[in-house]
Amino acid sequence: MSHAIKVATYNIRKAVGLDQRRDPARIISVLNEIDADIITLQEVDRRFGARVSALPLAMLEAETPWTPVPLHFRPAAIGWHGNAILVRKGIEVRRAEPIEMPTLEPRGAVMAELSVAGHALRVIGVHLDLSGLWRRKQIRALLAAIDACPRIMPTVMMGDFNQWSDSGALSELAFHHHRLVQTPKSFHTARPVARLDRIIVSHEIRVTGADCHISPLAKQASDHLPIWAAIAIG
């Protein structure tokens, strides 16, 4: 029997909103509004110094139903190159690791293999380069990392792909068993004109709904709106 879950992705811009205030509590409130089972975050860690998380771990644990997938790279960070995966408590993390990609900028991707109500699911959180040439190389690296995994399982890739059109670097998906979920434009929050944020699923995943999350808080919390998809696995 298939299992229904909600997945989401959100570039939180280090918790700095359109008012230029760093407000992690506001981001936490938006995440609670979305109420997804699995969330990938981009720009979750500060860029300089100790690169501490823009979302304090104690706040996440006390005020949300999620826990960060453990990556153990820096003691005060919850991500890798700013990428993090949050899973609802009770979801089992079987394996987690970064994906090395060719980069021009400090970008990256993280991958987790999960057990969700007994169903295997691979989740990849990404933040790709501003350069189309490098994005294409990075998507090839993501697909190669999936192919190199010892187990085949349903897979969701989510994040800020920095890709305006469905072609270009995303055309690499035509040679793989993954497809784009049709989601609305999510950037810029003040006037969404681009689909920079994307959700991509393997063909065995059934998508039953997808949208941007729009609320008064989400319109102020970051320069990106969160996007989500309802999926069935198993």
Side-chain angles (χ1 to χ4, degrees), residues 7-14 16 38-47 51 54 69 71 73 77 79-85 96-112 122-149 154-189 191-203 205 207 210-212 222-229 231:
V7 299
T9 186
Y10 192 14
N11 183 330
I12 68 169
R13 198 170 74 151
K14 304 174 184 65
V16 176
I38 301 165
I39 306 170
T40 65
L41 300 175
Q42 301 83 52
E43 298 193 26
V44 73
D45 298 326
R46 300 193 194 186
R47 192 165 186 173
R51 297 184 184 176
V69 167
L71 293 166
F73 289 104
W80 184 74
H81 282 311
N83 292 282
I85 302 174
E97 61 186 6
I99 297 175
E100 295 289 345
M101 298 192 303
T103 61
L104 182 62
E105 306 169 85
R107 304 295 194 194
V110 289
M111 176 168 60
R122 180 179 292 116
V123 175
I124 298 174
V126 307
H127 192 181
L128 299 189
D129 205 281
L130 292 172
S131 159
L133 173 63
W134 285 91
R135 281 198 304 275
R136 187 177 290 273
K137 292 178 180 179
Q138 289 166 351
I139 290 177
R140 288 174 180 170
L142 291 172
L143 297 177
I146 293 171
D147 288 340
C149 289
T155 298
V156 179
M157 285 185 279
M158 302 185 286
D160 181 354
F161 281 74
N162 269 314
Q163 177 71 36
W164 285 60
S165 73
D166 290 352
S167 56
L170 291 176
S171 63
E172 295 294 325
L173 297 173
F175 306 100
H176 215 265
H177 55 282
H178 289 77
R179 69 186 189 279
L180 280 169
V181 176
Q182 292 304 307
T183 51
K185 297 172 182 176
S186 56
F187 180 86
H188 184 281
T189 303
R191 183 172 176 264
V193 296
R195 293 182 179 87
L196 302 188
D197 306 288
R198 304 285 185 149
I199 299 174
I200 296 167
V201 298
S202 55
H203 287 320
I205 291 178
V207 178
D211 209 342
C212 274
S222 172
D223 57 350
H224 289 246
L225 290 168
I227 61 171
W228 60 268
I231 65 173

State, with a plain yes or no, whether a side-chain heavy atom of [X] is found less than 4.5 Å away from one of [Y].
X	Y	answer
Ile199	Ile227	yes
Ile200	Leu170	yes
Ile146	Met157	yes
Leu142	Glu172	no
Asp166	Gln182	yes
His127	His81	no
Leu173	Arg179	no

Name the one of Pro192, Pro184, Pro226 that satisfies side-chain contact (heavy atoms from CB on, under 4.5 Å) with Cys212?
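Result for side-chain contact (heavy atoms from CB on, under 4.5 Å) with Cys212: Pro184.
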Identified side-chain contact (heavy atoms from CB on, under 4.5 Å) partner of Trp80 from the options Asp45, Ile85, Leu71
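Result for side-chain contact (heavy atoms from CB on, under 4.5 Å) with Trp80: Leu71.
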Atom [atom1] in [X], atom [atom2] in [Y]: separation rounded to 0.5 Å?
X	Y	atom1	atom2	result
Asp160	Asn11	CG	CG	5.0 Å
Lys185	Trp164	NZ	CH2	9.0 Å
Ile139	His176	CD1	NE2	12.0 Å
Ile124	Cys149	CD1	SG	7.0 Å
Thr189	Asp223	OG1	CG	5.5 Å
Leu130	Asn162	CG	CG	4.5 Å

Residue pair Gln163 / Arg198, side-chain donor-acceptor N/O under 3.5 Å
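Absent: no donor and acceptor within the cut-off.
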Does the side chain of Gln138 come under 3.5 Å of the side chain of Thr103 through a donor N or O and an acceptor N or O?
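No, no side-chain donor-acceptor contact under 3.5 Å.
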Non-hydrogen atoms of [X] and [Y] that approach each other most closely:
X	Y	value
Ser202	Pro154	OG-CA, 3.5 Å
Asn83	Gly108	ND2-O, 3.1 Å
Phe161	Arg135	O-CD, 2.8 Å
Ile99	Ala145	CG2-CB, 3.8 Å
Gly159	Gln42	CA-NE2, 3.3 Å

Could you give me the CA-CA distance, side-chain angles and deciding distance for Leu128 and Arg107, then say whether side chain to side chain contact (heavy atoms under 4.5 Å, CB included) is met?
CA-CA 6 Å; Leu128 299 189; Arg107 304 295 194 194; over 6 Å; no
Might you work through the side chain to side chain contact (heavy atoms under 4.5 Å, CB included) test for Thr183 and Asp197, ending with a clear yes or no?
CA-CA 9 Å; Thr183 51; Asp197 306 288; over 6 Å; no
Short side-chain to backbone donor-acceptor contact, Arg13 and Glu43, under 3.5 Å
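Between the backbone of Glu43 and the side chain of Arg13 there is no qualifying donor-acceptor contact (under 3.5 Å).
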